[in-house]
Amino acid sequence: MTTSLIHELMPAAEKLMERHSNSSKEWFPHLYVPWGRGRDFVEDEEWNPEEFPLPEAVRDALFVNLLTEDNLPYYFHTIDNVFGRGVWGEWIRRWTAEEQRHSIVIRDYLMVTRALDPVELERGRMAQVSGAVVPEPETPEDTLVYVALQELATRVSHRNTGKLIGDPVGYEVMARVAADENLHYLFYRDLVSEAIPVDPSAVVLAIDRQVREFEMPGTGIHNFTARARSIARAGIYDLALHYDQVLVPVVLRHWKLEEIEGLSAEAEEARTRVLAYMARLESLARRLAERRNSQELVDA
Ligand SMILES: [Fe+2]
Ligand SMILES: [Fe+2]
């Protein structure tokens, strides 16, 4: 079943690959980096956060977002194992190359502005990339559903991080990267749409698993849980954003989970389960958002 899905989606992947090539514009990381603001580091120089004052949560977000981009070769490995041939191979190689552009531009920006401790960052990168922790979805359908959600989540997170940097140049860097993530998201989102008529039950089973088990990329990063909490508190990426800006537009509005027809009994059950899960998530997200708003009022 799964090998045939990869085969059946080949024409769709070719069409989407072409759309991607036409809509993505060549851009150069070095043109986004404010080199004139840099200076040499002296050996044993301690990093001084005062050189670029920034809320801790924004530093956490930059750290996590950059290390996630650095870890992309392992996503490549996972996806290459599942797909790999023909246009699929062409796409994932292109995708990986674009993702590397993201880590180049973000890292150069951070080094020049000194927004992050370069020693902590480099140690974090070594640990993250050596650890090779990435999600390994169990089927091709799971892989497509996961990356669609993940690319959109990353777009939201990069954008919100950029807004809070408080530097127009940093904003542009993150917005540029977010624009790429959007094209990646569209590629995967539309492949899932194409997979639905091919095997609706397999896709629904994958949506059920991936929505319930979803984790932002970054597991494996040093102090990930604490950093993720701080990112959520700052409103860069939290449950409410995840529900409103990722799950609702993709799963309900675009894939129209509630309307998919021709499901097996098992897939019907999975759909009921994941819809109930999303309803619980929504009320939890609302409560958390209310709590944050009232905390903001108290703080104000
Ligand atoms: Fe990226
Ligand atoms: Fe991406």
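No experiment lies behind these values; they were computed from the predicted model shown. Counting starts at 1 for both ligands and their atoms, following the listed order.
Here the options are H102, R159, R155, the test is side chain to side chain donor-acceptor pair (under 3.5 Å), and the partner is E181; only H102 passes. The side chain to side chain contact (heavy atoms under 4.5 Å, CB included) test with L16 is passed by exactly one of L9, L186, D190, V87: D190.
At a threshold of 4.0 Å, the pair E98-R101 does not count as salt-bridged, since none of the basic side-chain nitrogens sits closer than that to a carboxylate oxygen. R233 and D60 are not joined by a salt bridge, as no carboxylate oxygen comes within less than 4.0 angstrom of a charged side-chain nitrogen.
Contact annotation: E99 places an N, O or S atom under 2.8 Å from the Fe ion (ligand 2). Residue contacts to the Fe ion (ligand 2): H184 brings an N, O or S atom closer than 2.8 Å. Checking E151 against the Fe ion (ligand 2), an N/O/S atom falls under the 2.8 Å cut-off. The Fe ion (ligand 1) lies at 2.8 Å or more from every N, O or S atom belonging to E98.
Looking only at its N/O/S atoms, E181 has OE1 as the one nearest to the Fe ion (ligand 2). When distances from the Fe ion (ligand 1) to the N, O or S atoms of H102 are compared, ND1 comes out shortest.
Taking the centre and axis of the six-membered ring of F41, the NZ or CZ atom of R114 falls inside the cone set by 45° and 6.0 Å.
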